[in-house]
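What follows is one structure encoded as structure tokens, with my remarks underneath.
One-based numbering, in listed order, for ligands and for the atoms of each. Residue numbers start at 1 and run along the sequence shown.
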Amino acid sequence: MIGGTAYAKINLGLRVGGLREDGFHSVNGVFQSIDLSDSLTLDSAEVDSILTSGGKSVPEGLDNLAFRAAAAVREYAGVTQPLAMTLDKRIPTAAGLGGGSADAAAALGMAGTYFSTGRGVLESIAPRLGSDVPFCLRGGTAQVGGRGESVTSIEDLGGFALGLVVPPFEIATPKVFAAWDQLDDPSGLHVGDIDLPPALRGEGGLVNDLYPAAVALAPDIDDWRRDLVTRWGRAVMLSGSGPALYAFFIDKEEAADAIEVAPVGARLAEAVDLHPVGWSLAT
Ligand code: C5P
């Protein structure tokens, strides 16, 4: 049996370009793995199965992106060995934290180890699974472009931690991109250097262009953001298509103090550190 850990990501700003011919939007921004994770196991079995954290085996779960990732590696390896996957989820779903993509990337890595396939194979499968999977396979800190498939690792960031709050509703990413088109390609709120940790200064500030689109779909996001700005006395950003919101603190202790005064009712409210990888094998 192989165990693995899948780390969530945040977007340190996200600029969105026009709609491409393939139906995706070009994006540009720094993606960062964070220390909030799901756990997976992969083992040989009599039949394919996936057991999720609720303790309930979901037959249709074989459509789960993580299982499809493992099955794609198996197919490449030219074998038919049935697989049993378990997935213990902590990363909130449909939150803008890339949880499903992180699980898929970890499953690619685990299946790659199991079936002894090279990293190049995993990198070729990743974009077929989803736009954020190539980043999650690489992990750490990276400049991401294209529709998400262009991933250039950059030096690890440091000197700050995050206060992360996920409001109590889900948002579907395709709807946010569609709303962005309907709103005529809006720009997001600008967070200037003065509100950023030193490691993020000098690039002209951060902007998430999906913010107006996410708020158009779920106006409560703006209430949650304003409430956090008041409570924390600092800029609060949206991750990806949301609704996850975060702010920068000097370290995890300071972020934990901020979480103490976060509004009640969030799906998740946690102080998190940055993480240097997108997935890892359990030792
Ligand atoms: O690639 P993924 O399945 O995560 O994307 C979900 C949806 O989000 C896409 O079908 C598309 O509608 C939208 N999307 C986009 N441009 C991107 C990434 C996602 O329009 N770069």
Side-chain angles (χ1 to χ4, degrees), residues 6-34 36 38 60-73 87 89 91-109 122-139 142-152 166 169-188 206-218 221 237-244 278-279:
Y7 294 91
K9 61 85 185 157
I10 57 156
N11 299 93
L12 294 167
L14 188 69
R15 299 316 307 250
V16 180
L19 187 59
R20 309 179 344 164
E21 279 189 356
D22 61 6
F24 290 85
H25 295 75
S26 51
V27 295
N28 186 24
V30 173
F31 285 39
Q32 173 66 56
S33 302
I34 58 171
L36 170 68
D38 291 342
E60 66 273 20
L62 295 182
D63 275 344
N64 179 289
L65 200 59
F67 195 88
R68 280 166 43 207
V73 177
L87 175 53
K89 285 208 71 70
I91 306 171
T93 48
L97 296 172
S101 303
D103 296 342
L108 280 179
L122 309 183
E123 282 173 359
S124 70
I125 296 171
R128 289 196 264 129
L129 295 166
S131 303
D132 288 343
V133 182
F135 166 74
C136 291
L137 190 61
R138 185 82 61 87
Q143 186 76 46
V144 175
R147 60 166 267 235
E149 79 286 2
S150 163
V151 181
T152 308
V166 181
F169 43 88
E170 300 194 334
I171 302 188
T173 302
K175 287 190 177 163
V176 177
F177 277 103
W180 190 83
D181 291 335
Q182 269 168 13
L183 289 172
D184 230 357
D185 311 357
S187 292
L206 294 183
V207 177
N208 181 347
D209 287 334
L210 292 181
Y211 187 76
V215 170
L217 282 171
I221 290 180
M237 297 207 64
L238 183 78
S239 180
S241 52
W279 62 276

Determine the interplanar angle of the F177 and H25 rings, folded into 0 to 90°, and report it as parallel if under 30°, tilted if 30 to 60°, perpendicular if over 60°. parallel

Compile the protein residues with any heavy atom at a distance under 4.0 Å from an atom of ligand 1; present them by chain, then by number. G23, F24, H25, V27, G130, S131, R147, T173, P174, F177

Residue pair W279 / L137, side-chain heavy-atom distance below 4.5 Å: yes

Check salt bridge (Lys or Arg N to Asp or Glu O under 4.0 Å) between R138 and all other residues, then give those that pass, not counting sequence neighbours. none

Just wondering, do R15 and S187 contact through their side chains at under 4.5 Å, heavy atoms? yes

Evaluate the side-chain proximity of Q143 to N28: yes if any heavy-atom separation is below 4.5 Å, no if none is. yes

Treating S239 as the side-chain partner and G96 as the backbone partner, does any N or O pair qualify as donor plus acceptor under 3.5 Å? yes

